[in-house]
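Note sheet for the following structure.
All heavy atoms count here, side chains included; hydrogens, waters and symmetry mates do not.
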Amino acid sequence: MFTLSKKTSIALIGSSVLALATGQAAQASSFTTTSPLGALGAGFSEVGGIVLDMKGANGARVTSQLSAANMFSGFGSYSNSTLTIGTQTGFTSSILSALGGGLQEVAVRLTLWDGDTAAGEFDFNDNKLQLNGLDFGNWSNVIAQNTDSNGNVLSGGLSSGGFRDSKLDTGWFHMTDSNVLSSLFSSLSSGQVQYSLWDRDPGDNYLDFKQGVASSMVNVGAAPQITAPATAKVPEPGSVVGLLVMGAGGAASMLKRKRTQEIDS
């Protein structure tokens, strides 16, 4: 359980010193910058804050980041076992229109020091993430990557599930349930997403969503931005792809006709 902010600094500095002493080069984590929906674009920090990545009914992606500076730290005052972590705004009518009237899937990235939700720890299976009051998953089921304050991989590697004791962990929640996604899309008409932590036994852990993140990343945020879906190319007649689409028999027939024409000419 985390109680002193100095603990984070000592742990992260110690990890960096160990890497230098053993000659290990810092390696950025691709895990933290690759959403279940695909790689994040420029402008998103390697760790820290909350990244929301949404895939619309038409394949378009809308991605945003709430900065760590605007997130919760402390024991907090819970209401009905629910703690507000932070709120992302900027979901305008034009942003929502770009999603094609609904959502196919949504991913959420969170970074937390000393989460205590891994197996054998006191908040195992006690915490759930909520978006606008909707259940988005158990913290203990999320695979999380241990990094330093700059997003470089540390020896803790990936968890088998959960945000671990005395580690800076970053993990992706992933939602594909159509009922939840339909409700979330409807709730976006409010123009915001409120991120909350539901705790079975609230107030038993100090939660700091800012601690352990490099100062250069604490203020990194991004308003919801649209990424257009890829446009499928239709194979031109006579192309190799076109032959494959025709099947082996059709392709053989076409080639035979072509040879016959060449001989006749």
Side-chain angles (χ1 to χ4, degrees), residues 28-67 85-111 128-138 141-145 151 158 170-196 220-247:
S29 169
S30 60
F31 176 88
T32 62
T33 55
T34 305
S35 158
L37 281 62
L40 297 176
F44 298 91
S45 62
E46 284 79 359
V47 293
I50 300 179
V51 173
L52 175 64
D53 195 6
M54 303 187 294
K55 184 177 182 180
N58 58 358
R61 285 172 68 185
V62 169
T63 313
S64 61
Q65 180 171 1
L66 177 67
S67 71
I85 301 171
T87 301
Q88 174 73 61
T89 59
F91 296 96
T92 62
S93 58
S94 60
I95 290 290
L96 299 184
S97 296
L99 290 168
L103 297 169
Q104 292 188 47
E105 55 183 317
V106 171
V108 184
R109 192 194 76 184
L110 282 108
T111 298
K128 293 182 180 180
L129 175 67
Q130 294 183 344
L131 272 65
N132 288 348
L134 300 166
D135 184 357
F136 252 68
N138 185 338
N141 293 337
V142 174
I143 305 300
Q145 172 78 64
L158 295 171
T170 299
W172 289 96
F173 291 76
H174 187 206
M175 177 57 65
T176 58
D177 185 288
S178 58
N179 291 325
V180 175
L181 294 175
S182 176
S183 296
L184 177 63
F185 184 76
S186 296
S187 73
L188 292 176
S189 61
S190 67
Q192 64 181 31
V193 174
Q194 184 180 74
Y195 303 98
S196 303
V220 175
Q225 52 192 267
I226 304 166
T227 302
T231 302
K233 293 184 178 180
V234 179
E236 295 181 5
S239 68
V240 175
V241 176
L243 292 175
L244 292 175
V245 171
M246 292 171 63

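Among all heavy-atom pairs drawn from L129 and I85, the shortest one is CD1-CD1, 4.4 Å. Closest approach of Q194 and T87 over heavy atoms only: CG-OG1, 3.8 Å. Pairing each heavy atom of G151 with each of V47, the nearest pair is CA-CG1, 3.8 Å. Here the closest heavy-atom approach between residue F173 and residue G137 is recorded as CE2-O, 3.7 Å. S64 and F91 make their closest contact through OG-CZ, 4.0 Å (heavy atoms, listed as atom of the first residue, atom of the second, distance). Looking at every heavy atom in both residues, S35 comes nearest to A107 through OG-CB, 3.5 Å.
T111 places a side-chain N or O within donor-acceptor distance of the main-chain N or O of G48, the cut-off being under 3.5 Å. The backbone N or O of S196 sits nowhere less than 3.5 Å from a side-chain atom of Q130 that would complete a donor-acceptor pair. Listed for the N58 side chain is no donor-acceptor partner under 3.5 Å among the backbone atoms of G102. Side chain of T170 to main chain of Q145: no donor-acceptor pair is present (N/O by atom type, distance under 3.5 Å, no hydrogens or angles). Remark: side-chain polar atoms of W172 are paired, donor with acceptor, to backbone N or O of F31 under 3.5 angstrom. With Q88 contributing its side chain and L66 its backbone, the two residues share a donor-acceptor pair below 3.5 Å. Judged purely by atom type and a 3.5 angstrom limit, N138 has no side-chain atom pairing as donor or acceptor with the backbone of K128.
Here S189 pairs with nothing under the side chain to side chain donor-acceptor pair (under 3.5 Å) rule; sequence neighbours left out. Annotation: salt bridge (charged side-chain N to carboxylate O under 4.0 Å, His left out) contacts of D177 (sequence neighbours excluded): none. Among residues two or more places apart in sequence or in another chain, the side chain to side chain donor-acceptor pair (under 3.5 Å) test is passed with T227 by none. In this structure, the salt bridge (charged side-chain N to carboxylate O under 4.0 Å, His left out) partners of R61, at least two apart in sequence or on a different chain, are D53. By the side-chain contact (heavy atoms from CB on, under 4.5 Å) test, S178 pairs with no residue at all, sequence neighbours left out. S183 meets the side chain to side chain donor-acceptor pair (under 3.5 Å) test with no other residue; sequence neighbours excluded.
For the pair L40/V51, a side-chain contact is recorded, criterion being any heavy-atom separation below 4.5 Å from C-beta on. The closest side-chain heavy-atom distance from T32 to S29 is below 4.5 Å. Taking the side chain as every heavy atom from C-beta outward, V108 and V106 approach each other to under 4.5 Å. At least one side-chain heavy atom of M175 sits under 4.5 Å from a side-chain heavy atom of L181. In this structure the side chain of V220 never reaches within 4.5 angstrom of the side chain of S67, judged on heavy atoms.
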Exercise for review: Applying side-chain contact (heavy atoms from CB on, under 4.5 Å), run through V62 and L99 and close with a yes or a no.
Suggested key: CA-CA 7 Å; V62 169; L99 290 168; 3.6 Å; yes
Point to revise | Residues F136, L184; criterion side-chain contact (heavy atoms from CB on, under 4.5 Å); working and verdict | key: CA-CA 10 Å; F136 252 68; L184 177 63; 3.7 Å; yes
**Study point:** Step-by-step side-chain contact (heavy atoms from CB on, under 4.5 Å) determination, M54 to L37
**Key:** CA-CA 8 Å; M54 303 187 294; L37 281 62; 5.6 Å; no
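S45 and Q65 form a side-chain donor-acceptor contact under 3.5 Å, judged by distance and modelled atom types alone.
Note that the CD atom of E46 and the CZ atom of R109 stand 8.0 Å from one another [nearest 0.5 Å].
V193 pairs with exactly one of T89, L134, L188, I50 by the side chain to side chain contact (heavy atoms under 4.5 Å, CB included) rule, that one being L188.
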